[in-house]
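Notes follow the structure.
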Amino acid sequence: MDEFSFIRSIRPDSYKQSTLIRGIDDDAAVFRPMQEDVVTAVDTMVEGVHFSKETMSPADVGYRALAANLSDLAAMGSRPAFYLVSLVVPDHWSEKELDELYRGMNQLAEAYQMDLIGGDTVSGQDLCVSVTVVGYVGQSLARYRSASKPGDLVFVTGTLGDSRAGLQCIFDEREETEDVRYLVNRHRRPSPRVTFAEMLRSCERIALNDVSDGIANEANEIAEASDVDVIIRQERIPYSGAIQALYPDQYLEWGLSGGEDFELLGTVSEEEWSFVEKAANDSGLKVTVIGKVEERKKDHPYVYIQKEDKRNILEKTGYTHMKRG
């Protein structure tokens, strides 16, 4: 299929967003925001680095590529609106597989009424999927990592380490059980916490960061941006029963630095914690307080992992996107 035929094959029949003036019809898309701030993010998945045909179907690749971006929008408190897709396509990916990749993206996009408004396609050695997303948030209501203050509670949504465990289940070729299915699905089809984040509009001040690399990394990013110390209580970190049953020796490490869970790590004042609990209840999501924010005690902000009365510095470790493997 040539490029123009491919573009025709993925062009939507209609627009979902009322702010969209022109989508995939000209050299660029045109949209007209209505008294809201625009939030945008881009994420790239590379075959052999982030996925392979042995670990994911083409539809899973598409779904996960968009989910990673929606998780970034969620961390900013933004409502998804549009996405653009740029592909580097190798010879070993067929037209049918590319159709499936877009089908996977469209499954998630439909859930948030997102419009595909453009992109690019070129040939290359490995499949690269680069997705750019655009969303809206109320004026001056975007959430930033720099919003943490001493005394804040540290919380996280869902459970941690599941995606890494799901990938290991695939590598280990484990017999399919309910626990295995759960973990593999958490790896292949993560759930960006968009609805939960949107429901936090009542919070006057809240810091959010999406768990793409592991909370060891994300907590350090919040600490550095806010110039505070973050204390995480090891015994409070939430894990699924599946990961504890299947990987009893690894789940503690994977919960801290396994990466790609696409949950949300956040901090909020004790006074506004009730808003977070309500948002979690209304969106059917588990949320857990795992620590507290304190004033910086040294010449540099640190994250500490605390077990009983002992604290150790939690280094900025996690999933490495620049490593090929």
Side-chain angles (χ1 to χ4, degrees), residues 41 43 71-72 74-77 140-161 163-164 193 197 200 203-239 249-277 280 286-323:
D43 196 84
S71 186
D72 286 329
M76 302 299 292
S140 302
L141 290 180
R143 306 306 187 177
Y144 303 116
R145 300 169 184 167
S146 56
S148 293
K149 292 185 178 181
D152 282 359
L153 302 176
V154 180
F155 67 88
V156 71
T157 62
T159 54
L160 300 176
S163 177
R164 177 64 182 83
R193 304 310 186 184
L200 297 174
C203 289
E204 182 177 333
R205 179 182 57 80
I206 189 169
L208 295 174
N209 201 2
D210 92 301
V211 184
S212 56
D213 302 316
I215 62 169
N217 184 81
E218 271 67 71
N220 271 282
E221 289 181 337
I222 289 175
E224 291 168 4
S226 298
D227 196 31
V228 294
D229 287 345
V230 173
I231 316 302
I232 294 176
R233 298 296 298 260
Q234 182 171 307
E235 74 277 6
R236 294 183 183 176
I237 299 173
Y239 300 99
D249 298 326
Q250 291 92 0
Y251 76 87
L252 291 173
E253 176 190 350
W254 290 348
L256 293 173
S257 57
E260 300 195 315
D261 286 311
F262 300 115
E263 297 292 348
L264 290 177
L265 178 73
T267 74
V268 69
S269 68
E270 291 190 42
E271 292 76 19
E272 294 200 295
W273 169 244
S274 61
F275 294 129
V276 178
E277 286 185 304
K286 175 180 179 179
V287 64
T288 307
V289 173
I290 62 171
K292 203 159 188 177
V293 177
E294 297 183 355
E295 289 187 6
R296 174 171 56 81
K297 297 177 180 63
K298 299 182 179 181
D299 60 350
H300 186 276
Y302 283 100
V303 175
Y304 297 90
I305 185 78
Q306 182 167 339
K307 184 178 181 181
E308 297 176 351
D309 295 328
K310 186 176 181 181
R311 289 183 180 182
N312 292 309
I313 293 175
L314 185 60
E315 300 290 347
K316 195 173 185 179
T317 59
Y319 184 84
T320 303
H321 296 269
M322 294 297 290
K323 183 178 179 180

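When a residue number appears, it is its place in the shown sequence, counting from 1. Values below: all heavy atoms of this structure, side chains included; hydrogens, waters and symmetry mates excluded.
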Show the nearest heavy-atom pair for residues [X] and [Y], with the distance to one decimal.
{"X": "A197", "Y": "L264", "value": "CB-CD1, 4.1 Å"}
{"X": "A219", "Y": "V230", "value": "O-CG2, 4.2 Å"}
{"X": "S148", "Y": "A207", "value": "OG-CB, 3.5 Å"}
{"X": "D210", "Y": "F262", "value": "OD2-CD2, 3.6 Å"}
{"X": "E218", "Y": "S212", "value": "OE1-N, 3.5 Å"}
{"X": "G259", "Y": "S163", "value": "O-CB, 3.8 Å"}

Gap between atom [atom2] of [Y] and atom [atom1] of [X] - 0.5 Å precision:
{"X": "I222", "Y": "N217", "atom1": "CD1", "atom2": "CG", "result": "10.5 Å"}
{"X": "D227", "Y": "H300", "atom1": "CG", "atom2": "NE2", "result": "9.0 Å"}
{"X": "E270", "Y": "K292", "atom1": "CD", "atom2": "NZ", "result": "4.5 Å"}
{"X": "R311", "Y": "I231", "atom1": "CZ", "atom2": "CD1", "result": "4.0 Å"}

Can you list the residues that meet the salt bridge (charged side-chain N to carboxylate O under 4.0 Å, His left out) rule with R193, with sequence neighbours excluded?
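Listed in chain order: E263.
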
Crowded around [X] [atom1]? As in, over 12 foreign heavy atoms under 6.0 Å?
{"X": "Y239", "atom1": "OH", "answer": "yes"}
{"X": "E294", "atom1": "CD", "answer": "yes"}
{"X": "K307", "atom1": "NZ", "answer": "no"}
{"X": "E277", "atom1": "CD", "answer": "yes"}

Decide, yes or no, whether a salt bridge links K316 with D213 under the criterion of side-chain N to carboxylate O below 4.0 Å.
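A salt bridge is absent here (no side-chain N lies under 4.0 Å from a carboxylate O).
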
Under 4.0 Å between a side-chain nitrogen and a carboxylate oxygen: does that hold for E235 and R233?
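Yes, E235 and R233 are salt-bridged.
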
Hey, does the side chain of [X] reach the backbone of [Y] with a donor-acceptor pair shorter than 3.5 angstrom?
{"X": "S226", "Y": "R145", "answer": "yes"}
{"X": "D152", "Y": "K149", "answer": "yes"}
{"X": "N312", "Y": "I305", "answer": "no"}

I'd like to check E308 versus Q234 (side-chain heavy atoms, cut-off strictly below 4.5 Å). Are they in contact?
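Answer no - side chains too far apart.
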
Is the closest side-chain heavy-atom distance between V303 and I215 below 4.5 Å?
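No, their side chains stay 4.5 Å or more apart.
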
Applying side chain to side chain contact (heavy atoms under 4.5 Å, CB included) to L314 and Y304, what does each step give before you reach the verdict?
CA-CA 5 Å; L314 185 60; Y304 297 90; over 6 Å; no

Quick one: do R205 and S269 satisfy side chain to side chain contact (heavy atoms under 4.5 Å, CB included)? Show the steps, please.
CA-CA 8 Å; R205 179 182 57 80; S269 68; 3.7 Å; yes

Could you walk me through whether L265 and I290 pass side chain to side chain contact (heavy atoms under 4.5 Å, CB included), step by step?
CA-CA 10 Å; L265 178 73; I290 62 171; 4.0 Å; yes

Test of understanding: with side-chain contact (heavy atoms from CB on, under 4.5 Å), list the residues that count as partners of F155, not counting sequence neighbours.
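With neighbours one apart ignored, the set is F196, I206, L208, V268, W273, V276, V287.
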
Mind running side chain to side chain contact (heavy atoms under 4.5 Å, CB included) on V228 and R296 for me, showing each step along the way?
CA-CA 5 Å; V228 294; R296 174 171 56 81; 5.7 Å; no

